[in-house]
Number of protein chains: 4
Amino acid sequence: MADVSTSTKSSTKPWKSFQVRKRDTEVKRDAVLLTAAHLFLEQGYRRTAMSQLADRLKITKPALYHYFHNKEEIVIECYRRGIALIESSLQTADAGQTCGLDKLRVYVEAYATAVVRYEFGRCVAWLDDGELSAAAQREVRSLKRRIDATLRGFITEGQRDGSIGACDPKLAAFAIAGAVNWIGVWYQPGGPLSPEAIGRQYAELLTNGLRRRAENA
Amino acid sequence: MADVSTSTKSSTKPWKSFQVRKRDTEVKRDAVLLTAAHLFLEQGYRRTAMSQLADRLKITKPALYHYFHNKEEIVIECYRRGIALIESSLQTADAGQTCGLDKLRVYVEAYATAVVRYEFGRCVAWLDDGELSAAAQREVRSLKRRIDATLRGFITEGQRDGSIGACDPKLAAFAIAGAVNWIGVWYQPGGPLSPEAIGRQYAELLTNGLRRRAENA
Amino acid sequence: MADVSTSTKSSTKPWKSFQVRKRDTEVKRDAVLLTAAHLFLEQGYRRTAMSQLADRLKITKPALYHYFHNKEEIVIECYRRGIALIESSLQTADAGQTCGLDKLRVYVEAYATAVVRYEFGRCVAWLDDGELSAAAQREVRSLKRRIDATLRGFITEGQRDGSIGACDPKLAAFAIAGAVNWIGVWYQPGGPLSPEAIGRQYAELLTNGLRRRAENA
Amino acid sequence: MADVSTSTKSSTKPWKSFQVRKRDTEVKRDAVLLTAAHLFLEQGYRRTAMSQLADRLKITKPALYHYFHNKEEIVIECYRRGIALIESSLQTADAGQTCGLDKLRVYVEAYATAVVRYEFGRCVAWLDDGELSAAAQREVRSLKRRIDATLRGFITEGQRDGSIGACDPKLAAFAIAGAVNWIGVWYQPGGPLSPEAIGRQYAELLTNGLRRRAENA
DNA sequence: AATGAATGAGACTTCATTCAT
DNA sequence: GATGAATGAAGTCTCATTCAT
């Protein structure tokens, strides 16, 4: 922020242009969201006080209200970003697989990788949407239901095409989603494993299980 | 309430014996805990107000403080009961299996069944221990660590004895624990599946995976 | 409160009976309302802070919330009491007059007297109902409309029976209601004139005007 | 906005002359005051936020502070304009009447007409001067006292010259002022009655009353 | 054992106002 | 002159907890 003058292209103007200021605002909104996501993941939505958030950002409490109307709007935006990130991650996942089990594996890998990689993804996965207003809940639950439906769909498909054994698709989908969502509880950025590695192992475990397989271990 | 003495069956004693009174107290403490567990699971610890708990029990708020010193003591006791229930469930699980994979399967089945069956088990699995005091956290985390260690131990053992394929034991244990703990999020008593059935399926899925197996599907 | 023991009938009981305690609560609720009415009339609803109210009552702020759910509930109750007092005052007013002008005079006298006599009446007359929630506004405006309709009705009746001269009944009703409602602005209890005297003079002025009349001055 | 110079008619001058600029400023100050008066009358001084005022004027909040030092200065200026308008209306009223009653009638008509006609007049009549600082209050109350004194003076004069009957001049003045001030509560510009018509009827009612008079009905 | 009343700490939010540009 | 950003003070309300009875 100190060397803003050097970062603007035209050095002829003595004050920040609208563009720059608007960009600044966006940057700060993003900073608020990211810090909030961290705090929410650390402590939960309820226990995170606006003053804490303000302190960590080194701004005053009312300044937060410059960027967001209220506390809930902040979580909702975290959710929205997470939903978008997860959805775009999942879109790449449904192509080019031949059987239900393979589709499932690719899908789970994409989902798990997104949850690991993105703070906002972890918010969607882990935060308790019971805190949200009815309207906001609908938005979030719609995504979750879609993911759940996709999981069940692949499982049923796999059972039909013989790639997946007998099981209750509902229960299996719950187990898979649970394992992935739980990542939000333990994952700390900076560990030795890359998001992709974690995603791959999760997908492997949840589709093929732990048992050693003769053919493709 | 003034003439309680007349309402007891044995009119030989002018007031309830200590024994009876103590038993009454125990019964009420239990009722408090169970109701609290339900509320905590429904809404989370933070969002559950003491007044809500009192209302649902149809007693007054200060009466709660007769049975427990404070709100935290209530969760801690929920945790304790859950820990005890889970541990006793797990104790039966390590006997008579020959390979790591089998031990793991039996253990996971016992763990999942306990989480499904007991409200207090679900509290341990699902409630955020970040709400607890440092001392209480240690207690809870000790159990969780023990479970985690056992899971990892079985996985490593299975990898040594050839029953389990290559994978990161830490990650696999996280995935398993996550899937099971997540049960607290979706499980509602009264569904069509028994706790045992759910436990069995979870264990099956998390150890053998979804892939159809030629030999023993 | 110090001599409560002497005010309870049966001195045999060492603690206040439920009855007494309940009565105490009612007394305090009333005290809150009356103090609130005074403050609202002095400063308006908005400018009156709950802390001010608490201070004047020599209790703490949250104690107020023991008696009323929120600030609005307090004004609403002031309004309700005022409405009841005014309505019962007005009920005695419609009997035994022969012409519209006389009915009007008696009615205005009753209304003005009620506004002077009762703090809560002045609240209804003077407080800005724009502060209230939609539901509460309906309640208040219903009364005001009823009063307005009655005034207009008497005026039209008087014009038909010849006791009242030509004028716009709507405008006349506004003028009368305005004069009476304005009492809330200037009236201070403890002045030399009794509420009845003020009511009588208001009614006289607003119906017969100031002009000296030969026949019955 | 950057090329304002090109949009002015006389392109001979590179920037607006002081005169023009001063006039612009005056125009905008006036716009602020009028909009503020409307908002204050609709919602009261307290409930009207500076941001609301800025929004309705389609300018930013700090821009308001270019024209006025603070919120209070805005109301005070509304009051001042209202006072001026009312006073000049009243000055025309004391001429050429022979008895106290007639003087009163003409005065009341002028007062009522001014309150109806001018937003700022209604501000003086209706706004609660309790919001103002001590200094500002003195200014406003001085006007109100003057009006009150004049009303009382005419009433006493009328009682001496026989045109007005027996009554408490103080009370009568209150009633008259109240009826007129209350206009601010219900009057909406654009109704069927002209300000003059309303003023005349008010004056008639408040001096001669409603009773039909044989001689000059 | 149990109650109604009360409290202190702290949460979220609003708003008039000012600052740097 | 005007803007976006920021602030301090204050307000309403919640809630775990305690006191006197």
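Every chain is numbered from 1 and lettered A, B, ... according to where its sequence line falls, protein lines coming before strand lines.
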When rounded to the nearest 0.5 Å, the distance separating NE2 of D:His38 from CZ of D:Arg56 is 8.5 Å
In whole angstroms, the gap separating P of F:dG11 from CD of C:Gln52 amounts to 8 Å
Ranking F:dG1, E:dA6, E:dG8 by distance to the side chain of D:Thr25, first place goes to F:dG1
Pairing partner of F:dA20, by Watson-Crick or G-U wobble and under 3.5 Å for both distances, is E:dT3
| said: Is there a side-chain contact between C:Ser51 and the phosphate of F:dT12, meaning an N or O under 4.0 Å from OP1 or OP2? | reply: no
Sorted by chain and residue number, the ring pair (Phe, Tyr, Trp, His ring centres under 6.0 Å) partners of A:Tyr45 (sequence neighbours excluded) come out as A:Phe40
So CG of C:Leu64 and CD of C:Glu73: to nearest 0.5 Å the spacing works out to 12.0 Å
Atom CG of D:Leu64 and atom P of E:dC15 are separated, to the nearest Å, by 15 Å
In whole angstroms, the gap separating P of E:dA1 from CD of B:Glu26 amounts to 12 Å
Atom NE2 of B:His69 and atom P of F:dA16 are separated, to the nearest Å, by 17 Å
Regarding the side chain of A:His66, the nearest nucleotide among F:dT17, F:dG4, E:dT7 is F:dG4
Atom OH of A:Tyr45 and atom C1' of E:dA11 are separated, to the nearest Å, by 12 Å
Practice task
May I ask you to say what B:Ala49 touches in the nucleic acid, namely base, sugar-phosphate or nothing, with a heavy-atom cut-off under 4.0 Å?
Solution key: sugar-phosphate
Q) Has the side chain of D:Tyr79 got a donor or acceptor atom that lies under 3.5 Å from a matching backbone atom of D:Leu127? A) yes
note: D:Glu73, atom CD; E:dA16, atom P; distance rounded to Å ~ 15 Å
To the nearest angstrom, the CZ-P distance between A:Arg46 and F:dA16 comes to 10 Å
Check your understanding: For E:dA2, does OP1 or OP2 lie under 4.0 Å from any side-chain N or O of B:Tyr67?
Key -> yes
Taken to the nearest 0.5 Å, the spacing of A:Ile76 CD1 from A:Asn70 CG works out to 7.5 Å
Taken to the nearest whole Å, CZ/A:Arg29 to P/F:dG4 is 16 Å
Side-chain contact check for D:Lys71: nearest option of F:dG4, E:dC15, E:dT17 is E:dT17
- Message: On the nucleotide F:dT18, are OP1 or OP2 found under 4.0 Å from the side-chain N or O atoms that B:Lys61 carries?
- Response: no
Which of E:dT3, E:dT17, F:dA6 is nearest the side chain of D:Tyr65? It is E:dT17
